[in-house]
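Working notes, beginning with the structure itself.
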Amino acid sequence: MHNHWIVDLNFEEDENRTTCTASLSGFSAPGVRGLGVARRNPDDTPDSTVGEELAAARACSNLAHELIDKAASGIEVRTHERAHLIF
């Protein structure tokens, strides 16, 4: 079997905050999403690149945790035992 998933990153920004949603698309991609937020310190000059990078990193990290939780739930349904997955 061959699966190919694509990570989609979508951004929303204002002058003080960048929000990123990470989702997966592709054949049999699980329906999970990750959310990441970056807030600008009022003393810093605006830089959308830094906000996007930080929000994207946080969204991808959250997406990874959501995938682990989904996998653990699948294991628990099959084994009827608590799964202990390490990240």
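Only a predicted model underlies this, so the values are computations on that prediction, with no experimental measurement involved. Numbering starts at 1 and runs along the sequence shown.
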Review point. What is the distance from atom CG of Leu54 to atom CG of Asp47, rounded to the nearest 0.5 Å?
Key: 11.5 Å
**Study point:** Minimal non-hydrogen separation, Ala59 against Cys20, with atom names
**Key:** CB-O, 3.5 Å
Point to revise | Backbone of Asp69 reached by a side-chain donor or acceptor of Ser73 within 3.5 Å | key: yes
Point to revise | NE2 on His4 to OG on Ser28, rounded to 0.5 Å | key: 11.5 Å
Check your understanding: Of all heavy-atom pairs between Cys60 and Leu9, which one has the smallest distance, and what is that distance?
Key -> SG-CD2, 3.9 Å
Check your understanding: If every non-hydrogen atom of Trp5 is compared with every non-hydrogen atom of Phe27, which pair is closest and at what distance?
Key -> NE1-O, 3.4 Å
Check your understanding: Looking only at heavy atoms, which two atoms of Gly51 and Ala38 are closest? And how far apart?
Key -> O-CB, 3.5 Å
Practice item. Calculate, to the nearest 0.5 Å, the distance between atoms CG and CZ belonging to Asn10 and Arg33 respectively. Key: 8.0 Å
Review point. Should we say atom CD of Glu76 is surrounded by more than 12 heavy atoms from elsewhere, each under 6.0 Å from it?
Key: yes
**Study point:** Criterion side-chain contact (heavy atoms from CB on, under 4.5 Å) against Leu24, the qualifying member of Asp8, Leu63, Ile6
**Key:** Leu63
Review point. What is the minimum heavy-atom distance between Glu15 and Arg40, and which atoms define it?
Key: O-NE, 3.1 Å
Practice item. Identify the two heavy atoms, one from Arg58 and one from Val37, that lie closest to each other, and give their separation to 0.1 Å. Key: NH1-O, 2.7 Å
**Study point:** Euclidean distance, Arg39 CZ relative to Thr19 OG1, rounded to 0.5 Å
**Key:** 7.5 Å
Review point. Transitively linked via ILVMFWY side-chain contacts under 4.5 Å: Val32 with Val7?
Key: yes
